[in-house]
Amino acid sequence: AQSVTQLGSHVSVSEGALVLLRCNYSSSVPPYLFWYVQYPNQGLQLLLKYTSAATLVKGINGFEAEFKKSETSFHLTKPSAHMSDAAEYFCAVSDRGSGTYKYIFGTGTRLKVLA
Amino acid sequence: EPEVTQTPSHQVTQMGQEVILRCVPISNHLYFYWYRQILGQKVEFLVSFYNNEISEKSEIFDDQFSVERPDGSNFTLKIRSTKLEDSAMYFCASRASSTGELFFGEGSRLTVL
């Protein structure tokens with residue numbers, strides 16, 4: 001079965017610093033991977049997705065992620081953090097083995113941006 | 001841009017009461033899902049629905065839960081007799097095809113007292 005692991009439940013960075021949020025996946029088939037952002041008391045907004053095309057995926061708000069099969073990783077990065085990036089970030093994998101292709105989410109990483 | 005809409009945005013109920021959460025998926029979508037997020041925790045899959053029947057459900061989705069598509073537009077989640085631990089944000093999602101992108105609603109926050 002597919003799964004994702006997010007290392008670090010809380011990450012703090014200074015404004016202007018690099019953001020790196022880690023996600024590792026486990027999948028018996030080529031995965032479809034996603035990053036979502038959730039601002040306080042709001043829903044889930046798709047940041048970017050990987051569906052077996054280019055391994056470097058660019059998303060909204062300056063975020064990007066690189067699919068690395070050898071490392072089974074799909075880490076999210078942003079070169080320069082902004083105060084407005086403070087939120088919870090979820091990595092997800094589409095469960096292509098189940099037939100329903102439901103998304104399975106990681107436990108989330110709360111990003112704090114320090115002034 | 002088409003979107004998934006959910007009502008109510010917040011509902012407070014007494015333990016043991018029945019609750020119905022409503023969702024209007026994107027109009028040409030055929031696959032529907034409910035997810036749950038207990039405060040501060042991960043987003044958990046509850047159930048998927050296709051062709052007027054449940055296609056998969058998690059262990060969370062016990063006999064207290066049911067889903068229905070009563071007409072051509074609504075998709076509902078019913079909790080028959082709410083418990084304190086049902087307090088959570090419930091997200092509806094839909095997609096046009098089995099492998100297409102999943103679109104999420106803004107969520108319905110349920111508080112059980």
Side-chain angles (χ1 to χ4, degrees), chain A residues 1-10 21-25 27 29-53 57 59-60 87-112, chain B residues 1-10 21 23 26 29-51 53-61 67 88-111:
Chain A
Q2 277 85 348
S3 66
V4 290
T5 301
Q6 291 185 244
L7 291 175
S9 58
H10 291 81
L21 304 181
R22 299 178 186 275
C23 174
N24 288 88
Y25 68 89
S27 177
V29 298
Y32 289 173
L33 294 159
F34 308 85
W35 275 100
Y36 282 84
V37 62
Q38 185 181 34
Y39 297 100
N41 299 312
Q42 293 190 26
L44 298 164
Q45 182 181 9
L46 180 68
L47 275 177
L48 48 79
K49 60 184 177 183
Y50 168 78
T51 55
S52 75
V57 182
I60 61 171
E88 185 98 24
Y89 291 81
F90 292 94
C91 182
V93 63
S94 178
D95 186 5
R96 300 174 68 198
S98 72
T100 63
Y101 294 85
K102 65 182 184 291
Y103 288 11
I104 298 170
F105 286 84
T107 49
T109 298
R110 185 169 298 278
L111 176 66
K112 187 174 180 180
Chain B
E1 186 177 324
E3 58 182 18
V4 177
T5 56
Q6 292 185 240
T7 54
S9 57
H10 189 192
L21 304 179
C23 170
I26 295 173
H29 285 189
L30 301 174
Y31 298 80
F32 313 111
Y33 303 78
W34 282 101
Y35 283 80
R36 178 183 82 173
Q37 184 184 31
I38 293 172
L39 186 63
Q41 298 187 27
K42 69 188 289 186
V43 179
E44 301 172 290
F45 168 75
L46 288 178
V47 65
S48 59
F49 191 87
Y50 170 70
N51 200 25
E53 60 182 25
I54 290 173
S55 45
E56 186 179 355
K57 60 183 180 179
S58 71
E59 62 274 11
I60 302 169
F61 194 88
V67 289
M89 181 75 93
Y90 289 83
F91 291 104
C92 175
S94 71
R95 69 199 328 172
S97 67
S98 62
T99 58
E101 180 181 335
L102 205 52
F103 290 83
F104 286 86
E106 289 288 305
S108 293
R109 180 170 297 284
L110 176 65
T111 301

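The shown structure was predicted, so the numbers you read here are calculated from the model rather than taken from an experiment. Numbers restart at 1 for each chain; the letters A, B, ... are given by sequence-line order, proteins then strands.
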Quick check on [X] against chain A: is it the side chain, the backbone, both or neither that has a heavy atom closer than 4.5 Å?
{"X": "Ser55(B)", "answer": "both"}
{"X": "Tyr50(B)", "answer": "neither"}
{"X": "Gln41(B)", "answer": "backbone"}

Please classify the contact of [X] with chain B as side chain, backbone, both or neither, using a heavy-atom distance under 4.5 Å.
{"X": "Leu46(A)", "result": "side chain"}
{"X": "Tyr32(A)", "result": "side chain"}
{"X": "Thr107(A)", "result": "both"}

### Task
Under 4.5 Å, counting heavy-atom pairs only, tell me which of Gln6(A), Lys49(A), Lys102(A), Gln45(A) racks up the most with chain B.
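Looking at each option in turn, the highest pair count goes to Lys102(A).
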
### Task
Check whether any side-chain heavy atom of Phe32(B) sits under 4.5 Å from a side-chain heavy atom of Cys23(B), and report yes or no.
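They are not in contact (no side-chain heavy atoms under 4.5 Å apart), so the answer is no.
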
### Query
Do Leu21(B) and Gln6(B) touch side chain to side chain, with heavy atoms closer than 4.5 Å?
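No; the side chains remain at least 4.5 Å from each other.
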
### Message
Aromatic contact between Tyr33(B) and Tyr103(A), with the criterion being ring centroids under 6.0 Å apart: yes or no?
### Response
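Ring centroids of Tyr33(B) and Tyr103(A) are no less than 6.0 Å from each other.
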
#### Entry: Criterion side-chain contact (heavy atoms from CB on, under 4.5 Å) on Gln37(B) and Phe105(A), from CA distance to verdict
CA-CA 11 Å; Gln37(B) 184 184 31; Phe105(A) 286 84; over 6 Å; no

#### Entry: Residues, nucleotides or ligands: over 12 heavy atoms within 6.0 Å of Lys42(B) NZ
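Atom NZ in Lys42(B) is crowded, with more than 12 foreign heavy atoms closer than 6.0 Å.
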
### Query
Do Ser48(B) and Glu56(B) get their side chains close enough for a donor-acceptor pair, meaning under 3.5 Å?
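There is no such pair (donor and acceptor under 3.5 Å, judged by atom type) between the side chains of Ser48(B) and Glu56(B).
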
